[in-house]
**Student:** 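First the structure, then my questions, so here it is.
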Amino acid sequence: MSQRSALIVGGGLVGTSIALGLKQSGWQVAIEDIDEKNQSLARDLVKNSVDIEDPSLIVIATPPEAILNELLRLSAEHTQATFIDISGLKSELILKVEEFPEIVTRFVGSHPMAGRENSGPQNARGDLFQGRAWILTPTSLSSEASIARAKEVVNDLGAISYIMNAQEHDETIAKISHLPQMLSSLLGASLLGSKEDSLTLAGQGLRDISRLAASDPKLWSALLISNRDENLANLQQVQSLMESLMNGLTQGSAAVVEEILTMGVEGKKLIPGKHGAKNRDYTFLPIVIDDKPGQLARIFNECQVVNVNVEDLAIEHTPGQQTGLITLSLSDEDARKLQAHLNANGWLAHAP
């Protein structure tokens, strides 16, 4: 058995992205899918994917309803392999797996907190998991070796592993993943019947909040129903807040409306920054650039020269316009250091 060989079962977005990332990290990779079109495209993307007689790792990247059957089928064929899945819910799956002694020690539930609105291998990316959280939910009998192998996979894909039990996972996912999906879909649904001309005026705010509404309805309906107790509790909390806001608007009470909006500000602050670090208030450095190739790369080279860390960026440019605006998000100290350096070297960096 090759020590770094993986069979990926399921050639969709996540499965193919895992295959691409593991291959880039030096693993031998094979990928299969019951959909011949997906399998063909996934294998072409991975390139030189090989048939592996006895893989050390098997990733079940199928729809949730197929996971257990695939686990049982493949565990009988590959008696030494470690198994992980990538499904979005864990409590029911872990309970089922624990009924089968032949797999329970070799299985570690897993859930990569990364994805895209569009599914399928054509949207796969080998760097999809870079810097993203990846939750591991071992069974009560998962071996130390299996857990170590799962952590190795996560690390090789550039993600950060977090271990929690299945119930804690499902409660957490309801708040940080399912609730945003439901609210985005509700907003998208509320746009039906709107005048087309009015939606052409939509700015980035509407586009950002409605982005998740483009997700696969069939996949998400199954996830939301499977985790319905947690999702109903979260929706009831949002409903209570909406009723308070509606009452404030009905009464014309600025105090009530402001209180709800202030609660939103305080809640937003609780979301951590990169890699789970404490959220930071960034300083924004606007830089006017010429409309020609290579400008962004040159700016990042200048950042490296003065050793400043860019946390985020935004680009504004109108086609045909000779200039564009890049706004960098940095710490206040780094923003001021970089502004001085850029202006000294001929850039048009404005006050942070």
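Atom set for the values below is all heavy atoms of this structure, side chains included, hydrogens, waters and symmetry mates excluded. All values reported here derive from a predicted model rather than from experimental measurement.
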**Student:** Of the options V9, D85, I58, which is the one that meets E70 in a side chain to side chain contact (heavy atoms under 4.5 Å, CB included)?
**Tutor:** V9
**Student:** Can you confirm whether E144 is buried at CD, in the sense that more than 12 heavy atoms of other residues, nucleotides or ligands lie under 6.0 Å from that atom?
**Tutor:** no
**Student:** Any chance you could measure K175, atom NZ, to E171, atom CD, to the nearest 0.5 Å?
**Tutor:** 11.0 Å
**Student:** Around atom CD of E258, are there more than 12 heavy atoms of other residues, nucleotides or ligands at under 6.0 Å?
**Tutor:** no
**Student:** So, D334 side chain and N309 main chain: donor-acceptor pair closer than 3.5 Å or not?
**Tutor:** yes
**Student:** Checking S75 side chain against I103 main chain: does a donor-acceptor pair fall under 3.5 Å?
**Tutor:** no
**Student:** Please check if V14 and L22 belong to a single hydrophobic cluster, counting links between Ile, Leu, Val, Met, Phe, Trp and Tyr side chain heavy atoms closer than 4.5 Å.
**Tutor:** yes
**Student:** The criterion is side chain to side chain contact (heavy atoms under 4.5 Å, CB included); which residues satisfy it with Q24, sequence neighbours excluded?
**Tutor:** none
**Student:** Within a radius of less than 6.0 Å around CD of E65, do more than 12 heavy atoms belonging to other residues, nucleotides or ligands occur?
**Tutor:** yes
**Student:** Could you grab the distance from atom CG of D54 to atom CG of L7, nearest 0.5 Å is fine?
**Tutor:** 11.0 Å
**Student:** Assess whether side-chain contact (heavy atoms from CB on, under 4.5 Å) is satisfied between V288 and H350, documenting all intermediate values.
**Tutor:** CA-CA 8 Å; V288 176; H350 289 254; 3.9 Å; yes
**Student:** A quick test of your reading: do over 12 heavy atoms of other residues, nucleotides or ligands sit less than 6.0 Å from CG of L191?
**Tutor:** yes
**Student:** Would you say the side-chain atoms of K151 pair up with the backbone N or O of L136, donor to acceptor, closer than 3.5 Å?
**Tutor:** no
**Student:** Is V238 linked to M263 within one hydrophobic cluster, defined over Ile, Leu, Val, Met, Phe, Trp and Tyr using a side-chain heavy-atom separation of less than 4.5 Å?
**Tutor:** no
**Student:** Check whether T172 reaches the backbone of E168 with its side chain - one donor and one acceptor, N or O, closer than 3.5 Å.
**Tutor:** yes
**Student:** Counting heavy atoms not belonging to Q204, are there more than 12 under 6.0 Å from its CD?
**Tutor:** yes
**Student:** Report whether L72 and I34 are members of the same hydrophobic cluster (ILVMFWY, side-chain heavy atoms less than 4.5 Å apart, transitive linking).
**Tutor:** no
**Student:** Does the side chain of R336 come under 3.5 Å of the side chain of Q339 through a donor N or O and an acceptor N or O?
**Tutor:** no
**Student:** Taking R149 for its side chain and R106 for its backbone only, find out whether a donor-acceptor pair lies under 3.5 Å.
**Tutor:** no
**Student:** Among the clusters formed by ILVMFWY side chains lying less than 4.5 Å apart, do L95 and M164 turn up in the same one?
**Tutor:** no
**Student:** So, does N227 use its side chain to make a donor-acceptor pair with the main chain of D170 at under 3.5 Å?
**Tutor:** yes
**Student:** Taking atom types as modelled and ignoring hydrogens, do the side chains of Q181 and S185 form a donor-acceptor contact shorter than 3.5 angstrom?
**Tutor:** yes
**Student:** Classify the ring geometry of W134 against F129: parallel below 30°, tilted from 30° to 60°, perpendicular beyond 60°.
**Tutor:** tilted
**Student:** Let me confirm one number: the CG-OG distance from L186 to S210, rounded to the nearest 0.5 Å.
**Tutor:** 12.5 Å
**Student:** Given D33 and I31, is the side-chain contact (heavy atoms from CB on, under 4.5 Å) satisfied, shown in steps?
**Tutor:** CA-CA 7 Å; D33 195 293; I31 189 165; over 6 Å; no
**Student:** In terms of hydrophobic clusters joined by side-chain contacts under 4.5 Å, are L330 and I315 together?
**Tutor:** yes
**Student:** Show your reasoning for whether side-chain contact (heavy atoms from CB on, under 4.5 Å) applies to I147 and I163.
**Tutor:** CA-CA 10 Å; I147 295 172; I163 293 185; 4.1 Å; yes
**Student:** Can you tell me if T105 uses its side chain to pair, donor with acceptor, with the backbone of P101 under 3.5 Å?
**Tutor:** no
**Student:** Between H178 and N234, is any pair of side-chain heavy atoms under 4.5 Å apart?
**Tutor:** no
**Student:** I'd like to know if the side chain of S119 pairs up with that of D216 as donor and acceptor (distance under 3.5 Å, no hydrogens or angles considered).
**Tutor:** no
**Student:** Could you tell me the separation between the CZ atom of R211 and the CG atom of L187, rounded to the nearest 0.5 Å?
**Tutor:** 13.0 Å
**Student:** Taking S142 for the side chain and T139 for the main chain, is one N or O donor matched with an acceptor at less than 3.5 Å?
**Tutor:** yes
**Student:** Is it true that a side-chain atom of T16 and a backbone atom of P121 form a donor plus acceptor pair closer than 3.5 Å?
**Tutor:** no
**Student:** Are there more than 12 heavy atoms of other residues, nucleotides or ligands under 6.0 Å from atom NZ of K337?
**Tutor:** yes
**Student:** Quick check for you: to the nearest 0.5 Å, what is the distance between I60 atom CD1 and S110 atom OG?
**Tutor:** 10.5 Å
**Student:** Does one side chain, of S87 or K90, offer a donor that lies under 3.5 Å from an acceptor on the other?
**Tutor:** yes
**Student:** Return the CG to OG1 distance between D291 and T323, rounded to the nearest 0.5 Å.
**Tutor:** 8.0 Å
**Student:** With sequence neighbours left out, which residue pairs that include part of residues 180-217 fulfil the ring-ring contact (aromatic ring centres under 6.0 Å, His included) condition?
**Tutor:** none
**Student:** Regarding E92 and S226, do their side chains bring together a donor and an acceptor under 3.5 Å, going by distance alone?
**Tutor:** no
**Student:** Before you tell me yes or no, could you show the steps for K96 and E99 under salt bridge (Lys or Arg N to Asp or Glu O under 4.0 Å), namely the whole-Å CA-CA distance, both residues' side-chain angles and the distance that decides it to 0.1 Å?
**Tutor:** CA-CA 6 Å; K96 289 179 178 178; E99 296 176 1; over 6 Å; no
**Student:** If we ignore hydrogens and angles and just use 3.5 Å, is the side chain of S17 paired with the main-chain N or O of L13 as donor and acceptor?
**Tutor:** yes
